[in-house]
Amino acid sequence: MTTSSQLPLPPFPPEGEVGKILLTEEQIQSRVAVLGEELARKYQGVTPLFVAVMKGSVIFVADLLRAYHGPVEFDAMVVSSYGDALRSSGVVKIVKDLDTPAAGRHVVLVEDIVDTGLTMQYLLNHFEQQGASSVAVCSLLVREGTDTAGLRIDHVGFEIPHDFVIGYGLDAAQIYRNLPFVGVFTGTVDH
Ligand code: 5GP
């Protein structure tokens, strides 16, 4: 750690860690505004419960909530399916459940990316079992070619190719969530 205010900050992300920028900050912001409006129209007259699937949706949900004009409640749950590796472990685990009971609520699951769909399928079943009045999925990203048969992804920001992406909440070994854009990760997971 260095506290010098004289030296310029090193480049972030460091050279070679991010390849193609798939979605710029401007593209994301204008799409999020559209999604916010879409949701506010859909839930007129009720107060939906937005459930952020942490940690990847942290930035998305903060922007989405501000783009939502109407009463809305927010809660977060932490699930883990990837650990710190770049490939799915195939196992979904609820690390932290909601504080708010979902029974009788209109739940909107806010996700960063639907890849295999395993996480969303698990959570849809979970909230239906809890007695939610309705469960909708709003995902910033959906992987092109994802087999969504039987999986309702009601609101989608963008479709993206099969690269491992970082930024706007998405991490590589917990780093890069704070990038304002979505780009292809070209680095190593060693930090
Ligand atoms: P699924 O269960 O749909 O296969 O995976 C969903 C989860 O996998 C996401 O919430 C996210 O945490 C992780 N994930 C899938 N693809 C990517 C990716 O390209 N980048 C990052 N950072 N995480 C991903």
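Remember, it's 1-based here, ligands and their atoms both numbered in the order they're listed.
- By the salt bridge (charged side-chain N to carboxylate O under 4.0 Å, His left out) test, R177 is found to be paired with D171, residues two or more places apart in sequence or in another chain being considered.
- Distances below 4.0 Å separate heavy atoms of E111 from the following atoms of ligand 1: 10 (O).
- Outside the 6.0 Å centre-distance limit, the rings of Y68 and Y43 are not counted as a close aromatic pair.
- Taking a 4.0 Å cut-off on heavy atoms, I166 fails to register as neighbouring ligand 1.
- At a 3.5 angstrom cut-off on N or O pairs, L170 does not count as close to ligand 1.
- Ligand 1 does not have G56 within reach: every non-hydrogen atom of the residue lies 4.0 Å or more from it.
- R152 has a carboxylate O that lies under 4.0 Å from a charged side-chain N of E128, or vice versa, which qualifies the two as a salt bridge.
- Note on ring orientation: taking the six-membered ring where Trp is involved, the planes of Y176 and F185 are tilted (angle from 30° to 60°).
- Taking the salt bridge (charged side-chain N to carboxylate O under 4.0 Å, His left out) definition, one finds that K42 meets it with nothing, sequence neighbours left out.
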task: Would you check, one step at a time, whether the test side chain to side chain donor-acceptor pair (under 3.5 Å) holds for S134 with H106?
output: CA-CA 5 Å; S134 69; H106 294 284; 2.7 Å; yes
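- Residue-ligand proximity, L118 to ligand 1, at heavy-atom distances under 4.0 Å covers atoms 2 (O), 3 (O).
- Close approach of ligand 1 to T119 is summarised as follows: ligand atoms under 4.0 Å from at least one heavy atom of the residue are 1 (P), 2 (O), 5 (O), 6 (C).
- Using a 4.0 angstrom heavy-atom cutoff, M120 does not count as in contact with ligand 1.
- D163 counts as a contact of ligand 1, since one of its heavy atoms falls under 4.0 Å from the ligand.
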- Starting from the C-alpha separation in whole Å, work towards a yes-or-no answer on side chain to side chain donor-acceptor pair (under 3.5 Å) for N178 and Y168. CA-CA 6 Å; N178 55 330; Y168 199 70; over 6 Å; no
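- Among D112, T116, I113, the residue whose heavy atom lies nearest to atom 4 (O) of ligand 1 is T116.
- Backbone and side-chain nitrogen or oxygen atoms of F164 are examined, and none is located within less than 3.5 angstrom of a nitrogen or oxygen of ligand 1.
- Each of the following atoms of ligand 1 lies closer than 4.0 Å to a heavy atom of V114: 3 (O).
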Exercise. Check the pair S57, D112 against side chain to side chain donor-acceptor pair (under 3.5 Å), reporting the backbone distance first and the verdict last.
Key: CA-CA 5 Å; S57 71; D112 53 353; over 6 Å; no
